[in-house]
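Here the structure comes first, spelled out in structure tokens, and everything after it is commentary.
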There are 2 protein chains.
Amino acid sequence: MTASERTGGPRPSKFGLGSRTDLRESAVDYLTERIQSGDWPVGQQIPTESELAAEAGISRNTIREAVSSLVHTGLLERRQGSGTFVVSQSELTGLFERHLSSKDRQDVLEIRLALEVVAAALAATRRTDEDIEGLLASMTARRETADRNDVDGYVEADLQLHRQFVRAAQNPLLIELYDSMLEGFRETIASYFIETGDPCHEEHEALVHAIIAGDPLNAAIELRVFLDSHLYHVESTAWPRVHQEVGSREV
Amino acid sequence: MTASERTGGPRPSKFGLGSRTDLRESAVDYLTERIQSGDWPVGQQIPTESELAAEAGISRNTIREAVSSLVHTGLLERRQGSGTFVVSQSELTGLFERHLSSKDRQDVLEIRLALEVVAAALAATRRTDEDIEGLLASMTARRETADRNDVDGYVEADLQLHRQFVRAAQNPLLIELYDSMLEGFRETIASYFIETGDPCHEEHEALVHAIIAGDPLNAAIELRVFLDSHLYHVESTAWPRVHQEVGSREV
DNA sequence: GAGCATTTGTTCGTATGTATA
DNA sequence: GTATACATACGAACAAATGCT
């Protein structure tokens, strides 16, 4: 009954573009857009809640709910007293980290094998000239860093190579899934290189050549031969090594 | 400076079990627990925000942020005037639906191929007696439903069969990923059966036998032969059919 | 259809803990 | 050490949709 002018209740509110019926959802979209477009790069502090609220023309409480959602999915991180920061561009990444962190490395490797095998085959039929260039460049970087025992550089180059042919598969969903898991591979790659001292150049060479040659079957087989040894290294009596049964190149 | 007793600022607050420093996060954990444990099954309405707040001893505003997070990840759905309802138990499901819904069916099929190929191989080495039983039962259901042209039943049985051998692979992460995408497969399976009239019994039979026989290589090959025809059906000049190059059974 | 209670949607104001300069 | 800026949390109010009578 008390007289009050502007408090409570959904008010008409334009939100930059595309005014939805749900303010919170619109705010989430707005924030997500800014993050995924690279407008707010990873590591950067985003405007304060008050600024965001003023900017968008909605209340602090509502924008707070939106931020909370993105914090929960792992895109943002809040530090009381400091501010809110971007920690990831992909919703999947945070999810995987929460789901994977404690789980067996072998589980992750098996998924990696799954994704990369089809990626290799698809890449062999869909790769562009740019892809081929990138592949060869990464291969060179891989050799150079391994030669001078630059572990960090080697891991980075290896990651880059794999990322490259996954991209060459031209499947956006596959790329997103793979990229989301990428960080989880670092540790495995590094430990394999350090413990065995084998940079697996021949296997990668064969893989890259098969992709360039447009030979999906051998690309898939080469890749599997290589990841098999990783799986064995992690520990696996269960997984059958394909190169013992099929031989290496010709089928 | 005005005297006030309980307002503002983080207060000590026990939250059932595991009191964190972050009330919102605790509330999220609490809700997630209830949902994933099946305490609040899918479809059910959860308590109102006020009840939740009172129950947990925190303010409605805070519990609301927690609920918002779960709404955003796809576990919950809010209907103004009615209440809040559980729509999914897995965070991945909602995420995939948002990411996949509009995308090419072929992209999804390629991921499916990736996951199922390793699942088949792993299942062949890890399957238990229970798995074998379930596999055979699903196979029977598949034949029966196809014979009487029960499309819905056939799709369900087919889904069940595939789900079964993915489970037999004993990789929790793989299972979760696959299950999250399951619903997206329904449409493809149905349309393939309706449009071609081919239930692919022989291919599935061969796959199941390879798994039971503990032959991972043939299991993977049989599966790929089968999914290849799906890919071709969706449209694909790019994907190489493995059975044309390798032949069907022996490698 | 009109009225009413319930429930979510949105906002404001205020107080407090925490980090930083 | 004391401002200051920021996130954290609470409480109370009103708006709008829904469902029931």
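Numbered from 1 within each chain, the chains take letters A, B, ... in sequence-line order.
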Nearest-angstrom distance from the residue atom [atom1] of [X] to [atom2] of [N]:
X	N	atom1	atom2	answer
Ile63(A)	dC6(D)	CD1	C1'	15 Å
Glu25(B)	dA7(D)	CD	C1'	14 Å
Gln80(B)	dG19(D)	CD	C1'	13 Å
Glu49(A)	dT16(C)	CD	P	19 Å
Phe85(A)	dC6(D)	CZ	P	10 Å
Asn61(B)	dA13(D)	CG	P	15 Å
Glu77(B)	dA17(D)	CD	C1'	14 Å
Leu23(B)	dA15(C)	CG	P	20 Å

From CA spacing to verdict: side chain to side chain donor-acceptor pair (under 3.5 Å), Arg64(A), Ser59(A): CA-CA 9 Å; Arg64(A) 193 158 210 289; Ser59(A) 93; over 6 Å; no
Criterion side-chain contact (heavy atoms from CB on, under 4.5 Å) on Gln170(A) and Leu122(A), from CA distance to verdict: CA-CA 8 Å; Gln170(A) 316 275 15; Leu122(A) 291 174; over 6 Å; no
Donor/acceptor link under 3.5 angstrom from Arg60(A) side chain onto base of dG13(C):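 Donor-acceptor pair under 3.5 Å: no.
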Arg60(A)/Glu55(A) salt bridge by N-O under 4.0 Å criterion: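 Judged by the 4.0 Å cut-off on N to carboxylate O distance, Glu55(A) and Arg60(A) do not form a salt bridge.
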salt_bridge(Arg167(B), Asp131(B)) N-O dist < 4.0 Å: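 A salt bridge is absent here (no side-chain N lies under 4.0 Å from a carboxylate O).
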Using a cut-off of 4.0 Å on non-hydrogen atoms, how would the nucleic acid contact of [X] be classed: base, sugar-phosphate, or nothing?
X	answer
Arg79(A)	sugar-phosphate
Thr84(B)	sugar-phosphate
Arg24(A)	sugar-phosphate

Ser82(B) side-chain proximity, nearest of dA9(D), dC6(D), dG19(D):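 Looking only at heavy atoms from C-beta outward on Ser82(B), the closest nucleotide is dG19(D).
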Just N and O in the side chain of [X]: are any of them under 4.0 Å from OP1 or OP2 of [N]?
X	N	result
Arg78(B)	dG9(C)	yes
Thr62(B)	dC10(D)	yes
Arg64(A)	dT8(D)	yes
Ser59(B)	dC10(D)	yes

Assigned partner base of dA19(C), Watson-Crick or wobble definition, under 3.5 Å: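 Across all strands, the one nucleotide that pairs with dA19(C) is dT4(D).
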Step-by-step side chain to side chain donor-acceptor pair (under 3.5 Å) determination, Glu110(A) to Gln106(A): CA-CA 6 Å; Glu110(A) 284 168 7; Gln106(A) 188 177 341; 3.1 Å; yes
